[in-house]
**Student:** 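Structure provided below as structure tokens; questions to follow.
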Amino acid sequence: MPFDHPFYFLRHGETAWNAEARTQGQLDAPLNERGRAQALAAAEILKGQQIARIIASPLSRASDTARLAAEATGASLSFDDGLMEFHAGDWQGQPRGELIREYFAGTMDPPGGETFPEFAARAWDALERAVAAGPDTLIVCHGGLWYAAQQYTKVEPGLWPMPNALPIHVTPYPDRWHAKVLES
């Protein structure tokens with residue numbers, strides 16, 4: 001089982017589209033000023049952890065957050081396309097709302113995008129690959145992946161919606177993940 005040792009998880013810092021409640025999906029929205037400050041604060045917290053490697057989504061909001069963590073921790077950084085947020089198709093750039101809740105409930109699919117079951121399977125596979133790289137891996141990606149993982153395992157606490165740039169240490173057990181929020 002790839003989830004046989006603890007790992008770290010970090011959602012990217014805030015973007016303008018997060019602040020405006022717009023659906024980003026796989027559109028490449030950069031960190032805003034607040035998001036960069038959040039990412040720097042998270043990196044400072046992670047500096048005190050034993051991060052062996054960082055594996056991140058290549059989308060700039062995650063990759064920029066990951067680069068700041070890599071600078072702070074000295075850990076190597078690599079990217080995995082499987083860690084990208086769900087492809088929101090025609091919803092990308094549109095105001096977030098009921099459609100997104102229905103998407104994550106698995107009851108509505110974005111035209112031209114990825115179904116929730118497809119996304120959840122892709123996300124789980126990417127998370128497995130990242131954790132299989134070894135103990136103390138930091139995964140930097142998107143809130144949707146955190147939620148998608150909960151289709152495969154119980155997470156305590158669930159932390160949904162996942163706040164921006166909240167560093168978490170995850171201890172996996174056979175029947176659940178325990179998530180501990182890291183603080184300075």
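Predicted model only: the values in this text are computed from it and were never measured.
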**Student:** List the atom of Gly143, the atom of Glu85, and the distance in Å for their closest heavy-atom pair.
**Tutor:** N-OE2, 3.9 Å

**Student:** If I take atom NE2 from residue His87 and atom CG from residue Asp109, how far apart are they, to the nearest 0.5 angstrom?
**Tutor:** 13.0 Å

**Student:** State whether the side chain of Gln26 and the backbone N or O of Met84 hold a donor-acceptor pair below 3.5 Å, judged by distance alone.
**Tutor:** no

**Student:** CD1 of Ile45 to CD of Glu183: how many Å apart, nearest 0.5 Å?
**Tutor:**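 It is 7.5 Å, given to the nearest 0.5 Å.
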
**Student:** Checking the side chain of Tyr147 only, and the main-chain atoms of Met162 only, is there a donor and an acceptor separated by less than 3.5 Å?
**Tutor:** no

**Student:** Decide if the gap between the ring center of Phe7 and the ring center of Trp177 is smaller than 6.0 angstrom.
**Tutor:** yes

**Student:** For the pair Arg122 and Asp125, find out whether any cationic side-chain nitrogen is under 4.0 Å from an anionic carboxylate oxygen.
**Tutor:** no

**Student:** Please report the shortest heavy-atom distance between Gly82 and Leu145, naming the atom on each side.
**Tutor:** O-CD2, 4.1 Å

**Student:** With heavy-atom distances below 4.5 Å as the criterion, would you say the side chains of Phe3 and Glu128 are in contact?
**Tutor:** yes

**Student:** What's the separation between atom CG in Leu99 and atom CE in Met108, rounded to the nearest 0.5 Å?
**Tutor:** 5.5 Å

**Student:** Going only through I, L, V, M, F, W and Y residues with side-chain contacts under 4.5 Å, is there a path from Tyr103 to Trp146?
**Tutor:**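 Yes; Trp146 is reachable from Tyr103 via cluster members.
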
**Student:** Using a strict 4.0 Å threshold on nitrogen-to-oxygen distance, state whether Arg129 and Asp80 make a salt bridge.
**Tutor:**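 Result for this pair is yes, salt bridge flagged.
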
**Student:** Could you see if Trp17 belongs to whatever hydrophobic cluster contains Leu59? Use Ile, Leu, Val, Met, Phe, Trp, Tyr and a side-chain cutoff under 4.5 Å.
**Tutor:** no

**Student:** Could you tell me whether the side chain of Thr137 and the main chain of Gly134 form a donor-acceptor pair under 3.5 Å?
**Tutor:**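 Checked: pair present.
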
**Student:** Check Tyr152 against Ala120 and note the closest heavy-atom contact, atom names and distance.
**Tutor:**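 That closest heavy-atom pairing would be CE1-O, 3.5 Å.
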
**Student:** To the nearest 0.5 Å, how far apart are CG in Leu31 and OG in Ser60?
**Tutor:** 7.0 Å

**Student:** Any idea which heavy atoms bring Pro110 and Gly89 closest together, and the distance?
**Tutor:**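 Where Pro110 meets Gly89 most closely, the heavy atoms are CB-N, 4.3 Å.
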
**Student:** Taking Val170's backbone N and O only, do any of them form a donor-acceptor pair with His178's side chain (distance below 3.5 Å, no angle check)?
**Tutor:**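 No, the answer is negative, given that no donor and acceptor are paired below the 3.5 Å cut-off.
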
**Student:** Parallel under 30°, tilted from 30 to 60°, perpendicular over 60°: which one fits the rings of Tyr8 and His169?
**Tutor:**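 Aromatic pair Tyr8/His169 classed perpendicular.
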
**Student:** For Arg61 and Thr65, does a side-chain donor sit closer than 3.5 Å to a side-chain acceptor?
**Tutor:** no

**Student:** So Ile54 and Phe79, do their side chains get closer than 4.5 Å, heavy atoms only?
**Tutor:** no

**Student:** Salt bridge or not between Arg101 and Glu98? Use side-chain N to carboxylate O under 4.0 Å.
**Tutor:** yes

**Student:** If you define the side chain from C-beta out and look only at heavy atoms, does anything of Leu138 sit under 4.5 Å from Leu46?
**Tutor:**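 Yes, side chains in contact.
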
**Student:** Side chains of Pro58 and Asp81: does their closest heavy-atom pair fall under 4.5 Å?
**Tutor:**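 In contact.
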
**Student:** Has Arg176 got its NZ or CZ under 6.0 Å from the middle of the six-membered ring of Tyr173, at an angle within 45 degrees of the ring axis?
**Tutor:** yes

**Student:** If you define the side chain from C-beta out and look only at heavy atoms, does anything of Thr73 sit under 4.5 Å from Gln49?
**Tutor:** no

**Student:** With no hydrogens and no angle check, just 3.5 Å: does a side-chain donor-acceptor pair link Arg53 and Ser76?
**Tutor:**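 No - no donor-acceptor pair under 3.5 Å links their side chains.
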
**Student:** Under a 3.5 Å cutoff, is there a donor and acceptor pairing between the side chains of Thr15 and Gln24?
**Tutor:** yes

**Student:** Does the side chain of Ser57 reach to within under 4.5 Å of the side chain of His142, using non-hydrogen atoms?
**Tutor:** yes

**Student:** Report whether Leu68 and Ile139 are members of the same hydrophobic cluster (ILVMFWY, side-chain heavy atoms less than 4.5 Å apart, transitive linking).
**Tutor:**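 Different clusters: Leu68 never reaches Ile139 through Ile, Leu, Val, Met, Phe, Trp or Tyr contacts under 4.5 Å.
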
**Student:** Within the distance-only criterion (no hydrogens, no angle test), does the side chain of Glu118 pair as donor or acceptor with the backbone N or O of Glu114 below 3.5 angstrom?
**Tutor:** no

**Student:** In Å and rounded to the nearest 0.5 Å, what is the CZ to CG distance from Arg67 to Leu77?
**Tutor:**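 These two atoms lie 6.0 Å from each other.
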
**Student:** Could you tell me whether Glu102 atom CD has more than 12 heavy atoms of other residues or ligands within 6.0 Å of it?
**Tutor:**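 Yes, the 6.0 Å shell around CD holds more than 12 heavy atoms from other groups.
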
**Student:** To the nearest 0.5 Å, how far apart are NE2 in His12 and CD in Glu14?
**Tutor:** 10.0 Å

**Student:** So, Gln38 side chain and Asn164 main chain: donor-acceptor pair closer than 3.5 Å or not?
**Tutor:**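 No, the answer is negative, given that no donor and acceptor are paired below the 3.5 Å cut-off.
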
**Student:** Can you establish whether the number of heavy atoms outside Arg36 located under 6.0 Å from its atom CZ is more than 12?
**Tutor:** no

**Student:** Could you label the plane-to-plane angle of the Phe104 and Phe116 rings as parallel, tilted or perpendicular, counting under 30° as parallel and over 60° as perpendicular?
**Tutor:**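 Phe104 and Phe116: perpendicular rings.
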
**Student:** side-chain contact (heavy atoms from CB on, under 4.5 Å) for Leu10 and Leu166? Distances and angles first, verdict last.
**Tutor:** CA-CA 6 Å; Leu10 179 64; Leu166 182 70; 5.6 Å; no

